[in-house]
Amino acid sequence: MLTTTINVTGMTCGHCVGAVKEELGALPGVTEVTVELNAGGDSPVTITSEGVLDDAAISAAVDEAGYEVN
């Protein structure tokens with residue numbers, strides 16, 4: 001298992017966290033997504049996967065949820 005940590009900007013509540021976790025969790029090979037919500041700032045998101053994830057796919061998933069990778 002591999003872990004990737006990114007910072008996501010714009011999340012302010014549990015609904016935001018759920019949206020990001022849903023989009024990232026749908027990526028092929030992702031087994032777990034954890035978020036440490038820092039409302040109003042950058043929130044660290046740790047993605048556990050079975051293999052290497054494409055940075056563009058991660059960014060696209062976060063963008064689809066309505067947020068951005070910082």
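Everything numeric here is computed off the predicted structure, so don't read it as measured data.
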(request) Test Val62 against Ile6 for side-chain contact (heavy atoms from CB on, under 4.5 Å), laying out the working first. (result) CA-CA 10 Å; Val62 171; Ile6 59 172; 4.0 Å; yes
(request) Test Thr46 against Val33 for side-chain contact (heavy atoms from CB on, under 4.5 Å), laying out the working first. (result) CA-CA 6 Å; Thr46 302; Val33 178; over 6 Å; no
(request) Report the C-alpha distance between Ile58 and Thr4 in whole Å, list the side-chain angles of each, state the deciding distance to 0.1 Å, and finish with yes or no for side-chain contact (heavy atoms from CB on, under 4.5 Å). (result) CA-CA 10 Å; Ile58 292 172; Thr4 304; 4.3 Å; yes
(message) With side-chain contact (heavy atoms from CB on, under 4.5 Å) as the criterion, how do Lys21 and Val35 come out once you've worked through the C-alpha distance, each side chain's angles and the decisive distance to 0.1 Å?
(response) CA-CA 8 Å; Lys21 288 177 76 170; Val35 177; 3.8 Å; yes
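Residue Leu37 holds its CG atom at 4.5 Å from OG of Ser43, rounded to the nearest 0.5 Å. Rounding to the nearest 0.5 angstrom, the gap separating the OG atom in Ser59 from the CG atom in Leu53 is 11.5 Å. How far CD of Glu36 is from OG1 of Thr5: 10.5 Å, rounded to the nearest 0.5 Å.
Although no hydrogens or angles enter the test, the distance criterion places a donor-acceptor pair under 3.5 Å between the side chain of Thr31 and the main chain of Thr48. Between the side chain of Asp54 and the backbone N or O of Ala57, at least one donor-acceptor pair lies under 3.5 Å.
Side chains of Thr9 and Asp42: a donor-acceptor N/O pair is present below 3.5 angstrom, by distance only. For the residue pair Asn70 and Asn7, no side-chain donor N or O sits within less than 3.5 Å of a side-chain acceptor on the partner.
Looking only at side-chain heavy atoms (C-beta outward), Val45 and Met11 come within less than 4.5 Å of each other.
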